[in-house]
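Encoded as structure tokens, the structure appears first; notes follow it.
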Amino acid sequence: MNEGEGSKWEEITGQRRQETLVFHYYPKDELMASVQEEKNEISERKGRMAPLEDYMMKLYGNGKLVTLERISHTKEMNKKKLMLKAEVRL
């Protein structure tokens, strides 16, 4: 996603989209419009995704809940300040 490849994202999430289309009774044209919108958003956000570094994967609830918990606080990415809206520390 950080490379701005919206088509690859569409390929990865295709099965989920088809299932969503069926159980929510979405019109196909509405689904296709949302796919195009997501592809555009991914292209616009190229290079802005924070790397998944310094995280620990933890399992809770007998393996039914997975979290990524930050080991150390990341205040910068690529020498730029991150614009974080909220942070929850566990």
Side-chain angles (χ1 to χ4, degrees):
M1 285 181 47
N2 199 39
E3 300 299 320
E5 298 176 9
S7 297
K8 187 161 185 146
W9 175 253
E10 181 182 6
E11 179 183 319
I12 291 170
T13 60
Q15 179 67 33
R16 175 185 55 87
R17 287 184 186 285
Q18 288 301 323
E19 292 170 1
T20 302
L21 176 72
V22 170
F23 69 75
H24 280 299
Y25 300 101
Y26 282 147
K28 191 164 188 163
D29 58 334
E30 186 178 318
L31 179 72
M32 296 311 292
S34 75
V35 167
Q36 188 60 44
E37 185 178 324
E38 280 187 12
K39 285 171 64 174
N40 292 340
E41 287 176 0
I42 289 169
S43 296
E44 291 170 7
R45 294 179 179 147
K46 180 179 178 181
R48 292 177 40 195
M49 179 181 259
L52 289 176
E53 297 174 346
D54 297 325
Y55 283 88
M56 179 182 298
M57 185 187 317
K58 292 192 176 180
L59 301 171
Y60 296 99
N62 296 323
K64 295 180 181 180
L65 176 66
V66 178
T67 64
L68 288 177
E69 296 181 11
R70 187 177 288 138
I71 295 169
S72 61
H73 184 70
T74 305
K75 291 186 179 181
E76 293 183 357
M77 179 185 95
N78 299 330
K79 299 187 178 23
K80 296 178 185 174
K81 282 195 161 204
L82 291 175
M83 295 178 68
L84 300 174
K85 291 185 180 178
E87 178 178 328
V88 178
R89 293 183 186 246
L90 299 176

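Just so it is clear, the structure is predicted and the values come from calculations on it, not from any experiment.
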Extract all donor-acceptor atom pairs below 3.5 Å that involve side chains of residues 19-30 and protein atoms in other chains or at least two apart in sequence.
residue	atom	partner	partner atom	Å
Glu19	OE2	Gln15	NE2	2.9
Thr20	OG1	Arg16	O	2.9

Between [X] and [Y], which heavy-atom pair has the shortest distance, and what is it?
{"X": "Met57", "Y": "Val66", "answer": "CG-CG1, 3.6 Å"}
{"X": "Gly4", "Y": "Ser43", "answer": "O-OG, 3.5 Å"}
{"X": "Leu31", "Y": "Gln18", "answer": "CD2-NE2, 4.5 Å"}
{"X": "Gly6", "Y": "Lys39", "answer": "O-CG, 3.5 Å"}

Fill in the blank from the handout: Interatomic distance, CE@Met32 vs CD@Glu10, rounded to 0.5 Å, equals 6.0 Å
Completion exercise
With sequence neighbours left out, the residues meeting side chain to side chain contact (heavy atoms under 4.5 Å, CB included) with Lys58 are Met56, Tyr60, Thr67, Glu69
Exercise for the section: Please determine, by modelled atom types, if Asn40 and Glu44 share a side-chain donor-acceptor pair under 3.5 angstrom. Expected result: no
